[in-house]
Amino acid sequence: MGTGASLNAGERAASFARLEAETFDLVIIGGGITGAGIARDAALRGLSVALLEAQDYASGTSSRSSKMIHGGLRYLAQGDVALVRESASERQVLRRIAPHLARITPFVIPTTSLATQAKLRAALWSFEKMGAVPAAEQHEVWNLDELARREPHLRRDRLNGAVAYPEFLTDDARLTLANVRSAAAAGAAVLNHALVESLIEEGGCAVGLIARSTLVGEEKAARVRARVIVNAAGPWVDGVRALAAGDGDRRLAISKGIHIVLPRGVLPVASTLILRAPDKRNIFAVPRGDFTYLGTTDQFQAGVDYWPDIGRADVDYLLNATQAAMDVPAIRDQDIVSLWAGIRPLIGEAGKKAAEVSRKDEMWVGPSGVIAIAGGKLSAYRAMASRIVDAVVARLGRRTPTCLTADLPLPGGERVLDGDDRLDRLYGTEAAVIRAAGGDVAAEARHAVLHEGAATLEDYWVRRSARAWFDTDAGRAALAPAAEAMGRLLAWDDRRRATEIHHCLQLDRNSRRALSPDPGGE
Ligand SMILES: Cc1cc2nc3c(=O)[nH]c(=O)nc-3n(C[C@H](O)[C@H](O)[C@H](O)COP(=O)(O)OP(=O)(O)OC[C@H]3O[C@@H](n4cnc5c(N)ncnc54)[C@H](O)[C@@H]3O)c2cc1C
């Protein structure tokens, strides 16, 4: 299967046995983009690596982002030149190693005066220079006629034009999965649905951990021995730190952001539009296939949750700002295809609003030697992973090759494809395998079980196929055929299939709790 290992969800017993049998150089807690990126980098450098994920790969923040690979323009305003350079170069790396997961779209910032246009252009010039942005990807200025031609549904009464510059969009969950599969191909032992419930400490040092299955009916656990442990648990970093003796203070601040998906026909945009909300924050409308998604909000919240609540005020905030900026018929709750919310693991800074807190990553070493990594962005995950692995290698006192992740393609990213449909964008070169197997829901679901470690219907529906958010009726019609195909491989009986489907429908229903009831709905 190309550059990625096949993760067969039917072979979990062997994974538990291997985890128990080996002593690993590095054990990573958390299979979001941070943990997955570290696992890939470390395994490619020749370290023996284990990655343990409590739920599914990317089931935390790494499937709930706005799915943008930021080039770093935003860091210019903060005067952080190093971060601008790193972000600009990282997105080029991603395009090289995973072209299907780094799709260029113009980002369009409408302008109201020549002065704002000039300010933006000056910022973009500096950004392009600092980030060595290729000539073909430099910004353009659109006058009102050009804007009307490109984005006819944007209200133009107070505008004088727009500045457009290319940014990259990705599928965050599949980017995470690609890193996990690449890590496994390089020898890492990876396992999802395996919660790290305790640390094993000897003489005050963490020397291992206990991981237990979180899958219904799977009574398995492993005692895993480690030379170095990295806590990459995202918003759950503080919770995992608290497993170690004397490492219980709270360092993270959690902020929630929601997104709303609409049919592209309801909100027709050709590019990603940056819109101004009444509180002067930027929100955006992003085209993806037959859909447009809106995001996002940024509010502190207490506690961590895999499925954070989506409140009416957040929905209204996005819809009202969009309605004010776009000349489209009133958007109704019934138009909403799906919604998702995610929580940002920010490093707490007293007295600041959520939107003002820095998105920089930080590394802390706990009293028992566990390295915790927090903050950071999806966009620069690879560079961050490389810094962490440098620290791990130094701790181990090893000589290893330098980081290889910038040059070796991720699974599916071996070459640029001619096509650009849904399968191409999700699977890259592996789209051919899905097509050869029938190209339908059942083919995707079988692939998810046999090669992508999907052990529940939710794993397939939300994170392997993105149907929960980017399919008609939130992909509800795909649930039965997917459960049927997965059930054959995973020996699900009728009751188990029904439970899996019910769980997904319940997630969808919960996400809509704040919406008015659909008069034509169930
Ligand atoms: C609304 C929103 C929009 C965003 N938009 C963007 C964007 O457009 N671009 C961008 O670059 N960044 C964006 N981000 C930030 C980005 O999504 C995060 O920085 C990134 O996904 C964090 O990844 P992570 O691996 O650190 O955390 P996570 O993805 O949350 O991964 C942590 C994992 O650890 C697991 N875990 C927890 N406890 C345990 C345990 N005891 N044992 C085993 N596993 C455990 C969890 O299940 C989870 O899967 C956004 C974030 C949000 C919330």
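Quick caveat, the model's predicted, so the values are computed rather than measured. Atoms within a ligand are numbered from 1 in the order they appear, just like the ligands themselves. These values consider heavy atoms only, across backbone and side chains, with no hydrogens, waters or symmetry-generated copies. Numbering of residues begins at 1 and proceeds along the displayed sequence.
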Counting C-beta onward and ignoring hydrogens, is there a side-chain heavy-atom pair between Arg382 and Asn179 closer than 4.5 Å?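 No, every pair of side-chain atoms sits at 4.5 Å or beyond.
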Measure from the ring center of Tyr293 to the ring center of Phe470 and say whether it is less than 6.0 Å.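 So the answer is yes for these two rings.
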Does Ala43 have any side chain to side chain contact (heavy atoms under 4.5 Å, CB included) partners at least two apart in sequence or in another chain, and if so, which?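 Side chain to side chain contact (heavy atoms under 4.5 Å, CB included) list for Ala43, sorted by chain: Val49, Ala186, Ala188.
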What residues sit with at least one heavy atom under 4.0 Å from ligand 1? Ile29, Gly30, Gly31, Gly32, Ile33, Thr34, Leu52, Glu53, Ala54, Ser59, Gly60, Thr61, Ser62, Arg64, Ser65, Ser66, Lys67, Met68, His70, Ala194, Leu195, Val196, Ala232, Ala233, Gly234, Pro235, Trp236, Val240, Gly257, His259, Thr296, Tyr306, Gly342, Ile343, Arg344, Gly376, Lys377, Leu378, Ser379
Those residues that, when tested against Glu452, pass salt bridge (Lys or Arg N to Asp or Glu O under 4.0 Å) (two or more places apart): Arg174
Who pairs with His259 by ring-ring contact (aromatic ring centres under 6.0 Å, His included), at least two apart in sequence or on another chain? Trp340
Cation over ring, Arg64 on Trp469, under 6.0 Å and within 45°? no
